[in-house]
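Accompanying notes for the structure given below.
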Amino acid sequence: MGPQRKLIVALVPLLVALLGKCQSPDMLRSLPKNVSGYLVSRDGQFYVQPALENQSSNGERGVENESRANDEESWTEGGEESWRSDKEPVDGDDEDDDESWSSRRGSLWWWERGTRSRGFSIFGMLESAVGMVGKFLGGMIFEDEEDIESKDSAANYRGHQLLRLTAKTKKQVRYLQQLMTDEPDDVKFWTNPVKDKATDVLVSSRLLNDVKEFFREKGINYVMLMSDLEKAIKSQNPRMPKERRQDLFSSQGHAMTWKRYHRFKDVMGYLDYLASKYPQIVEVVSIGKSFEGRPLKIVKVSTGANVNGEPKPTIWIDAGMHAREWISVAVTTYILNQLVEKNENYTRLLDITDWVIMPVANPDGYEYTHTDDRLWRKTRSNHDAEPQDDTRQAPGFLHVVSQYTKWLFGGSCEGVDPNRNFHIHWGDDKIGASTDPCADTYQGPSPFSEPETRAISNYIMKNKKFIKSYLTMHSYSQMILCCGLTRTRPADFDDLMNIANKAKKAIAKVNGIEYRVGSAAELLYPTTGSSDDWAKEIAGIKNSFTIELRDRGNYGFLLPASQIIPTARETWAGVRVIARMSAAQGNNT
Ligand code: 0X9
Ligand code: ZN
């Protein structure tokens, strides 16, 4: 569309804004990104209503209640703050008679909700226009995006605290769900609130006091896990000067160190290095392109076909499906390093197995966590232009105007949770998956809407005959999980637990780190559209596991780089057990 027509289209909402006195100046002061809303009229005024006001399920992890692991130092300063109610909470009847979070926030509530909405406003337009110019200039200055460590505009978590809380009653769970729905920008649930299980929640400095007071009022115990997220982010990953990278290239042929978390470019460089140095056993294949056009690379490691000239029982491993779970990428590249560069130590294993390894399953998201928002989870797609589920949209002219302004100036919510996007009970009852594009567990507009999940599923479907194990690496909470769809266990549940328990033992033997094993639906929460369930139920891969790596919340997603090697060594021990036991089952028939 030409600039003139764009201008005309821009004038339409501008006019409506003037006529409708759309928003008060107070509301316009802060217009955070990543939020979509719809223009609605109420009491003769126009307001921006956030999409899906009542969405509550987010399906993030709720870990079993336990005291914090004491094997590591935690990121708290000036002592650890906690609060414990001295009264034993009891569940009353279902009536929520006391004040909920939203009513507590008083009559300003509607206005405050408005501030996080970005349907359209004159000031919002100006802000977006300035942002676009900045983006354009930024693009001209930084020719190679891979060289940017972190942008000036990157999300800042200064003063944000990570709290671990435990809801003891159903009523308390409801309070938390309400809080999760009402404050998606300031209160981020890293783990889903589940009764009697610990829930990790990131609270912004802005609402910290109010939220803590709310917990105290409601008798919800909490302990502070991290006192300043920004500090933890800054110190997690030592910077690597350009010269050091160049030295590494010239001395070893790649930049990987396993002493820091590496960028996508370094990881891909390592795959290419392996393919050129070990051509007899390594093949790198691109199985597609990400939304932003990055290659989706897998590495095949095989010492040769079986007696029938077919692939041997194959172990698939993917990592980095959730962008912020950096440890999964680091561990998986370490596994590759051992299998290939130390292959003489694993000849027996390589005699009976083949491997297909995808170290970065969500490259756009992974890069985004390095440059823009360390805590990003999803892909980076934008499905705004596509038709959506109409039930949640305000109808008519105003909605159209809102859509136009979103299209013109951005401001929509990007990304889909790849682990809710697989075609397995996708969209059924919205269990543990969200239909809200702004939610961290957004399932996407349709199953396999993401090029990343589509590429993985196409490859696995083509090669499923030989794939005996599907392993997907995530973090955190130290668990080996199967079966996340329902609490009903599959017929071969005991076989899976037998393998998982042996792997758990092998892991513990290395550094004494304890993993829990079981069904994801029981230990965490049921979900739809997850890759492990898809691999088992649709692709028919018997040994399908999600491995949630270190730790149990001391650092969570911000696991220090110094823990990469110990985590990788113990995980590799566990993975070898799963591989050997899978191979012993023979090839699929
Ligand atoms: O929620 C997830 O996708 C996984 N946890 S994470 O914290 N890494 O996001 C757990 C998935 C477990 N598997 C199923 N529920 N099917
Ligand atoms: Zn994950």
Side-chain angles (χ1 to χ4, degrees), residues 57-64 162 188-194 197-202 317-329 331-332 360-362 365-366 369 375-379 415-426 428 430-434 439-444 450 452-453 470-490 493 496 500 515-539 541 544-553 555-559:
S57 69
N58 101 338
E60 277 265 304
R61 185 179 50 259
V63 289
E64 251 174 41
L162 186 67
K188 295 202 162 101
F189 280 71
W190 282 9
T191 53
N192 204 31
V194 177
K197 291 186 180 182
T199 304
D200 293 349
V201 182
L202 181 61
I317 307 179
D318 64 58
M321 196 175 275
H322 286 146
R324 63 191 173 192
E325 298 166 10
W326 284 3
I327 186 63
S328 67
V329 175
V331 161
T332 304
V360 193
N362 171 12
Y366 186 69
T369 58
L375 296 173
W376 188 257
R377 167 181 166 101
K378 303 185 280 181
T379 61
V416 165
D417 183 345
N419 215 24
R420 302 291 181 275
N421 190 243
F422 281 72
H423 202 171
I424 170 83
H425 287 268
W426 184 93
D428 276 11
K430 322 268 182 290
I431 308 171
S434 177
D440 259 349
T441 52
Y442 178 43
Q443 62 188 7
E450 305 310 284
E452 297 84 359
T453 54
Y470 172 85
L471 305 181
T472 181
M473 299 289 183
H474 288 252
S475 74
Y476 56 96
S477 65
Q478 293 169 199
M479 290 181 182
I480 305 175
L481 302 164
C482 74
C483 329
L485 266 182
T486 67
R487 292 196 166 83
T488 317
R489 296 171 169 183
F493 183 76
L496 298 184
Y515 271 60
R516 274 170 292 166
V517 304
S519 126
E522 290 172 44
L523 284 185
L524 300 174
Y525 38 76
T527 59
T528 52
S530 298
S531 70
D532 51 2
D533 296 319
W534 175 86
K536 183 155 181 68
E537 305 298 329
I538 308 295
I541 299 168
S544 175
F545 296 105
T546 291
I547 304 189
E548 297 276 1
L549 300 167
R550 286 195 199 185
D551 57 7
R552 282 187 180 164
Y555 294 97
F557 303 120
L558 305 177
L559 195 73

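Please read these numbers as outputs of a predicted model, since none were measured by experiment. In each ligand, atom 1 is the first atom listed, and ligand 1 is the first ligand listed.
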To the nearest 0.5 Å, how far apart are [atom1] in [X] and [atom2] in [Y]?
X	Y	atom1	atom2	answer
R516	L481	CZ	CG	9.5 Å
N421	M321	CG	CE	9.5 Å
T472	D532	OG1	CG	7.0 Å
Q443	N419	CD	CG	12.5 Å
L549	M473	CG	CE	6.0 Å

Which of the ligand 1 atoms, numbered from 1, are nearer than 4.0 Å to a heavy atom of [X]:
X	result
R377	1 (O), 2 (C), 3 (O), 6 (S), 9 (O)
T527	14 (C), 15 (N), 16 (N)
A520	12 (C), 13 (N), 14 (C), 15 (N)
N419	2 (C), 3 (O), 11 (C)

Please determine whether any non-hydrogen atom of [X] lies less than 4.0 Å from an atom of ligand 1.
X	answer
M321	no
S475	yes
Y525	yes

ask   = Looking at ligand 1, does any of its N/O atoms fall within less than 3.5 Å of an N/O of H474?
value = yes
key: Contact (N/O only, under 3.5 Å) between R420 and ligand 1   = yes
task = Give a yes/no answer: is there an N/O/S atom of E325 under 2.8 Å from the Zn ion (ligand 2)?
result = yes
query = Taking side chain as C-beta onward, heavy atoms only, is L523 less than 4.5 Å from M479?
reply = yes
query = Which heavy atom of W534 sits nearest a heavy atom of H423, and at what distance?
reply = CD1-O, 3.6 Å
query = When you draw lines from the Zn ion (ligand 2) to ND1 of H322 and to ND1 of H474, what angle lies between them, to the nearest 10°?
reply = 100°
task = May I ask you to decide if the ring planes of Y476 and F557 are parallel, tilted or perpendicular, using 30° and 60° as cut-offs?
result = perpendicular
